[in-house]
Amino acid sequence: MTDEPLSGSAAGIRVRIAPSPTGPLHVGTARTALFNYLFARHLGGTFILRLEDTDVARSSIAYEKDILDGLHWLGLSWDEGPDVAGGPDRGPYGPYRQMQRLDRYRAAADQLLAQDRAYPCFCSPEELEADRKAAEAVREAPRYVGRCASLGQAERSARAAEGRRPVIRFRVGEGIVAFDDLVRGRVEIDTANLGGDFVILRADGTPLYHFTVVVDDAAMRISHVIRGEDHLSNTPKHILLFGALGEPAPRFAHLPLILNPDRSKMSKRKSQTAVSDYQEQGFVPEAFVNFLALLGWSPGTEDEIMPLSEIEERFELERVQKGGAVFDRERLEWMNGQWIRRLEAEELIERLRPFLEAELQAGRIDRMPDDEDLRPLVPVIQERLPTLGTIGELIGFLFVDDLAVEPSLLVPKRWDAATTREALTAVRAVVSGLGTVSFEADELEPPIRALAEERGWKAGDLFMAIRVAATGRTAAPPLFDTLVALGPARTLDRLDAAIAALATVGPTPGE
RNA sequence: GCCCCCAUCGUCUAGAGGCCUAGGACGCCACCCUUUCAAGGUGGAGAUCAGGGGUUCGAAUCCCCUUGGGGGCACCA
């Protein structure tokens, strides 16, 4: 096997992401897709999407849709393969769904069978299970014992006559398989540690992963296989198959794994692994992709916030980390905030709409805000959204008909109910005196500050009481912008409601 | 159990023999700004570079061992 050094040209650079539609798009798959995409785009190569759907029992069109939608959402465009779930695919090496390529695996298996590089195995699941148990008992690595490796034609016929349907196993043989991994350097593995001859075709004739991946990578002229480190130990199997099939092996690059906080391989049990979950929570794709790119790769400078286009320009496999990386959600949220703050106002409004609709659906707001409602709010919300999904708790109170306010919250820490009631009553008078025309932040603040001064109240305390009355919360966007957004009528209504609520808080001293 | 891979602040990382009394970012803690919450600014705590041997005038950087962690060993992908 001769490895051509990587020339600067794009000639022949073909990489692929090959997800299996047996679950929603996984963060790890997304990261692998991203790195393949970056590698291809940086070098002007071709990025291919292939669906590995041979596990029919677990595959579904719903997952296929989730995966394709997720990759599109992240902005990772591909040059060959299907674009929509269940839809047609494009590219000169199709079909790109493995279940539509069964004849090719069958043909490849026949070729190996004809050359005796593979053979039918009639061992029953029970026999295999017993072998496994036996190996375990003597504390040895489980491996296929080779019971059917040297069956003669007569014996095969006899077993077939018993009604046994054979699987097809590939002969692993002896020797050392070595390859130069683009991120790990030279890796050598003795074939004795591969677990024996492995199955390439099930008894029902459908092919298994290790086989399909090689047949397809060869057929699709894949030049570089960039995938998770969990495949490193399996790579010799693939190299052996390429050789047996008479095909040149691609170059390999094994990426570090994305980890749970406890440093085990990221899993659904311990982490949120579905990309769609992050989308639903209001992470923006710019941030998600930026974050993923920095999990295992760094530009070598202190730049962190980078758009995909810049990452494409700067990406190099040589700068990929070897050690696994913990998925740090806090850092993701920070990065998401960075990207939200960089959004144009109209763009932010656009992206917020589905989240506001969700609030409406859930009954947490009574009216869907329109662009006119939102536009003036952008400056105050933009720097307060860690995720788009928090929009409801941030400004939901503006679009609620009857605000439920916890009466005890109305009373500032240093005040009692009576003072609060008195203060809000005074504020009400000021506000109603201003009228509709002057209802702007600049007009509201001075008289209310003056009121505080005149009565000897700390402005902060007074503002807090008003804030809770108007929003139901102690933490909210800037008070006067909030009141303006609420409008004079509803501001007065809420002050009235708060004043009334305070009457029920308890006996007020001095009355 | 066997094989393979990995190892710099809690986390993501910079570092490719002297520029390192190890830099940045997240998180954390102060302070500033400030009507709350954020955002932003400034500063701080935080890594004897897993440990031990080498090599070298000199090692976070090279080699070996140990330890630790992870991954793989299916008629899953």
Taking atom [atom1] in both [N] and [M], compute the distance separating them and give it to the nearest angstrom.
N: A59(B); M: U21(B); atom1: C1'; result: 16 Å
N: G58(B); M: G70(B); atom1: P; result: 37 Å
N: A47(B); M: A22(B); atom1: C1'; result: 8 Å
N: G71(B); M: C37(B); atom1: P; result: 42 Å
N: A60(B); M: G51(B); atom1: C1'; result: 14 Å
N: C6(B); M: A14(B); atom1: P; result: 15 Å
N: C29(B); M: G15(B); atom1: C1'; result: 28 Å
N: U42(B); M: C57(B); atom1: P; result: 45 Å

task = With side-chain contact (heavy atoms from CB on, under 4.5 Å) as the test, would you mind laying out the steps for R227(A) and F35(A) before giving the verdict?
result = CA-CA 9 Å; R227(A) 70 212 327 185; F35(A) 280 36; over 6 Å; no
Tell me what [X] touches on the nucleic acid: a base, only sugar-phosphate, or nothing, going by heavy atoms under 4.0 Å.
X: H254(A); value: nothing
X: L208(A); value: sugar-phosphate
X: P386(A); value: nothing
X: R384(A); value: base
X: L257(A); value: sugar-phosphate
X: T54(A); value: sugar-phosphate
X: R165(A); value: nothing

task = Test M335(A) against every option in I305(A), I340(A), D328(A) by the side chain to side chain contact (heavy atoms under 4.5 Å, CB included) rule and name the one that passes.
result = I305(A)
Identify the nucleotide, in any strand shown, that forms a Watson-Crick or G-U wobble pair with [N], with both distances under 3.5 Å; if there is none, say none.
N: A50(B); result: U66(B)
N: C73(B); result: G1(B)
N: U42(B); result: A30(B)
N: U55(B); result: none

Starting at [atom1] of [X] and ending at [atom2] of [N], how long is that distance when rounded to a whole Å?
X: M306(A); N: G24(B); atom1: CE; atom2: P; result: 18 Å
X: R473(A); N: C37(B); atom1: CZ; atom2: P; result: 14 Å
X: D53(A); N: C76(B); atom1: CG; atom2: P; result: 15 Å
X: F480(A); N: U35(B); atom1: CZ; atom2: C1'; result: 7 Å
X: E302(A); N: G15(B); atom1: CD; atom2: P; result: 11 Å
X: E136(A); N: G1(B); atom1: CD; atom2: C1'; result: 9 Å
X: I305(A); N: G24(B); atom1: CD1; atom2: P; result: 17 Å
X: M335(A); N: G24(B); atom1: CE; atom2: P; result: 17 Å

Examine [N]: is either OP1 or OP2 under 4.0 Å from a nitrogen or oxygen in the side chain of [X]? Give yes or no.
X: K265(A); N: G72(B); result: yes
X: R449(A); N: U35(B); result: yes
X: R202(A); N: C76(B); result: yes
X: T22(A); N: C76(B); result: no

query = Is the cationic atom of K237(A) (NZ for Lys, CZ for Arg) positioned less than 6.0 Å from the six-membered ring centroid of F170(A) and within 45 degrees of its normal?
reply = no
Ring-face cation of R473(A) near F397(A) (centre distance under 6.0 Å, axis angle within 45°) = no
Set out, line by line, the N/O atom pairs under 3.5 Å between protein and nucleotides 3-13 of chain B.
residue, atom, partner, partner atom, Å
C5(B), O2', R184(A), NH1, 2.5
C5(B), O2', E229(A), OE2, 3.2
C12(B), OP1, V326(A), N, 2.8
C12(B), O2', L294(A), O, 3.0
U13(B), OP1, G296(A), N, 2.6

Non-hydrogen atoms of F399(A) and L377(A) that approach each other most closely = CZ-CD2, 4.5 Å
ask   = If every non-hydrogen atom of K322(A) is compared with every non-hydrogen atom of E229(A), which pair is closest and at what distance?
value = O-OE1, 4.3 Å
Rounded to the nearest 0.5 Å, how far does [atom2] of [Y] lie from [atom1] of [X]?
X: L308(A); Y: L74(A); atom1: CG; atom2: CG; result: 8.5 Å
X: T471(A); Y: I466(A); atom1: OG1; atom2: CD1; result: 11.0 Å
X: D216(A); Y: Y105(A); atom1: CG; atom2: OH; result: 3.0 Å

[X] side chain, from C-beta outward: closest of [options]:
X: N234(A); options: G71(B), A38(B), G72(B); value: G72(B)
X: P478(A); options: U36(B), C26(B), G24(B); value: U36(B)
X: S264(A); options: C37(B), G71(B), U35(B); value: G71(B)

SB check [X] [Y] (cutoff 4.0 Å):
X: D180(A); Y: R251(A); result: no
X: E188(A); Y: R186(A); result: yes
X: E127(A); Y: K133(A); result: no
X: R97(A); Y: E52(A); result: no

Close N or O pairs between protein and nucleotides 61-68 of chain B (under 3.5 Å):
none

ask   = 5'-most contact on RNA chain B: L128(A) or L385(A), nearest heavy atom basis?
value = L385(A)
key: Closest-nucleotide ordering on RNA chain B, the 5'-leading residue of V138(A) and Y209(A)   = V138(A)
message = Taking CD in E406(A) as the centre, count heavy atoms belonging to other residues, nucleotides or ligands within less than 6.0 Å. Is the count above 12?
response = yes
Pull out every protein N or O sitting under 3.5 Å from an N or O of nucleotides 40-42 of chain B, one pair per line with the distance.
residue, atom, partner, partner atom, Å
G40(B), OP1, Q338(A), NE2, 3.2

query = Between the side chains of Y209(A) and D55(A), is a donor N or O closer than 3.5 angstrom to an acceptor N or O?
reply = no
